[in-house]
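Encoded as structure tokens, the structure appears first; notes follow it.
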Amino acid sequence: MRDLSPETEGSMSTAPHLAHSPPILTVQDLTFSAQKTVLLNAVSLNIREGSRTLIMGPNGAGKSLLLRLMHGLIKPDAGTITWKGRANASEARRFQSMVFQRPVLLRRSVFANLSFALGVHGLRGKLKADKIRAALHDAGLAHLETRPARVLSGGQQQRLSLVRALATDPEILFLDEPTANLDPASTSAIEQLIMKASARGVTIVLVTHDQGQAKRLGEDLVFLQDGEVAETGPAQTILTAPQSEPVKAWVDGRIYLGSKAGY
Amino acid sequence: MDSFWSALLEALHLVITLDSDLLEIIGLSMQVTITAVSIACLIGLPIGAAVAAFRFPGRTFLAVLLNAMMGLPPVVVGLLVYLTLSASGPLGPLGLLYTPTAMIIAQTVLVTPIVAALTRQVIEDLNTEYAEQFASMGVRAADRLAALLWDGRYALMTVALAGFGRAIAEVGAVIIVGGNINHVTRVMTTTIALETSKGNLQLALALGFILLVIAFAVNAAVMALRASAVRTAYA
């Protein structure tokens with residue numbers, strides 16, 4: 001089991017408030033194959049409650065797949081995912097939200113997109129409307145309330161997608177490269193929303209390629225290489241003093257072609 | 001050629017003077033067609049959407065069946081409905097044969113597979129886009145179906161339009177189950193067939209002209225609505 005808690009991985013300086021956080025989600029020996037290719041091989045890790053965990057690694061390492069498996073969108077071939085110590089039953093998804101790399105917005109107004117998401121969670125009437133307006137206000141999208149969601153800019157669409165995910169008050173938020181292809185201003189707006197959610201106690205699991213973002217947001221870090229965990233621990237420790245070859249190459253900006261091919 | 005122009009002039013005269021027989025025939029045609037298409041949509045939209053969105057045993061067979069039924073021969077449908085509604089048929093006691101209701105039933109049977117099959121195609125694309133997001137949000141099956149149908153509403157108007165086109169132009173089934181009875185079950189297409197066979201081209205041509213105008217107007221309205229939706233990113 002790769003435990004991301006600072007006690008086992010070194011410095012506590014990155015997240016002292018999380019030193020004794022229990023795992024909210026535990027992944028053990030997770031394996032997933034497709035078309036006779038092993039995409040994830042015996043991956044084990046803990047996501048600590050209230051933490052911001054980054055999942056990094058090159059393309060094809062299995063980051064997005066791992067995120068989907070943890071969220072229960074895909075079933076693993078082997079291994080277990082437990083939510084607060086219990087088997088990750090489908091009801092656990094009620095307490096989880098996910099933001100995809102490409103925002104999937106309904107063909108409705110900004111307001112109606114949020115209304116749909118909150119309606120799924122049973123909110124109705126004025127309570128729902130008030131919550132939507134407050135969420136849009138917090139995200140700086142209030143002036144777009146009546147606009148069709150799909151005419152918004154890429155950054156606004158992703159912000160709306162994030163607001164929608166957070167509006168249902170999830171305990172854990174999975175983000176799959178939410179700022180890929182966004183400009184710095186949009187990236188900053190998204191990161192601010194993530195940090196606000198984190199400050200409220202929402203556990204964040206973020207897939208990113210961006211080292212700068214990793215330094216800004218990361219508390220824990222999981223580095224995947226070829227479907228296996230290459231290194232885990234406090235993000236600042238790994239990013240400043242990586243131990244494994246794939247992560248060293250990544251941090252140095254060198255091309256790593258795997259242990260067999262050299263780098 | 002002269003007879004064609006005189007027939008056309010007579011047709012325009014019937015239209016301009018709002019001939020009462022003409023209006024009655026148009027009214028019944030629209031009533032039967034709109035009712036049949038509405039019922040076909042109520043049945044076909046959810047069926048098509050369910051086949052597109054859900055995985056269940058026999059799904060592929062159902063999809064193939066719906067596609068195959070799009071080409072149902074109207075006279076065969078007319079015959080089957082006739083046998084069902086005739087005095088010796090299972091629904092004979094209802095006394096529906098040779099009534100507008102029988103025509104609505106026949107048209108509904110013809111149009112429902114068209115609506116369902118085309119709906120499946122429209123919703124399948126939308127479902128591919130939404131499926132993972134809905135799964136993440138934990139959207140229940142019924143809500144998912146409703147959301148797909150609502151978000152696909154502008155594309156589905158084209159589906160309803162295809163059903164309308166089939167129903168309004170249909171003659172084979174409605175003449176069998178309706179009997180083309182004057183002032184009772186006479187609609188535009190059956191009248192055109194009858195009047196042409198009698199050599200009364202004026203009324204036939206007038207009705208043909210109106211049929212074209214209605215088809216054009218309905219198409220134009222739906223296309224305009226869809227174009228507007230596309231501009232505002234709702235389609």
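Here is the naming used below: chain letters follow the sequence lines, and residue numbers restart at 1 for every chain. Side chains are part of it too, since the values below use all heavy atoms of this structure and drop only hydrogens, waters and symmetry mates.
The number of heavy atoms from other shown groups lying within 6.0 Å of CG (N181(A)) does not exceed 12. In the displayed structure, R102(A) atom CZ is contacted under 6.0 Å by at most 12 heavy atoms of other residues, nucleotides or ligands. Counting heavy-atom neighbours within 6.0 Å of Y82(B) OH, excluding the residue itself, gives a total of 12 or less. Within a 6.0 Å radius of CZ in F209(B), other residues, nucleotides and ligands contribute 12 heavy atoms or fewer.
At a heavy-atom separation below 4.5 angstrom, chain A is approached by no residue within residues 39-56 of chain B. Proximity to chain A at a heavy-atom threshold of 4.5 Å picks out W150(B), D151(B), R153(B) from residues 150-172 of chain B, in numerical order. Inspection of non-hydrogen atoms places L126(B), E129(B) of residues 104-129 of chain B under 4.5 Å from chain A. Scanning residues 120-142 of chain A against chain B with a 4.5 Å heavy-atom cutoff picks out V120(A), H121(A), ordered by number.
Put simply, the side chain of M98(A) does not reach to within 4.5 Å of the side chain of E132(B), judged on heavy atoms.
Nearest heavy-atom pair across R93(A) and S136(B) is CD-O, 3.7 Å. Scanning both residues, D143(B) and F116(A), for their nearest heavy atoms gives O-CE1, 4.5 Å.
Heavy-atom distances place both the backbone and the side chain of S109(A) under 4.5 Å from chain B. L106(A) touches chain B through backbone and side chain together, each having a heavy atom under 4.5 Å away.
Comparing P148(A), G119(A), A149(A), A165(A) by how many heavy-atom pairs each has under 4.5 Å with chain B, the most go to P148(A). Contact count versus chain B (heavy atoms, under 4.5 Å) is highest, among V104(A), L105(A), V151(A), T168(A), for V104(A). Counting heavy-atom pairs under 4.5 Å between each of G138(B), A147(B), A229(B) and chain A puts A147(B) at the top.
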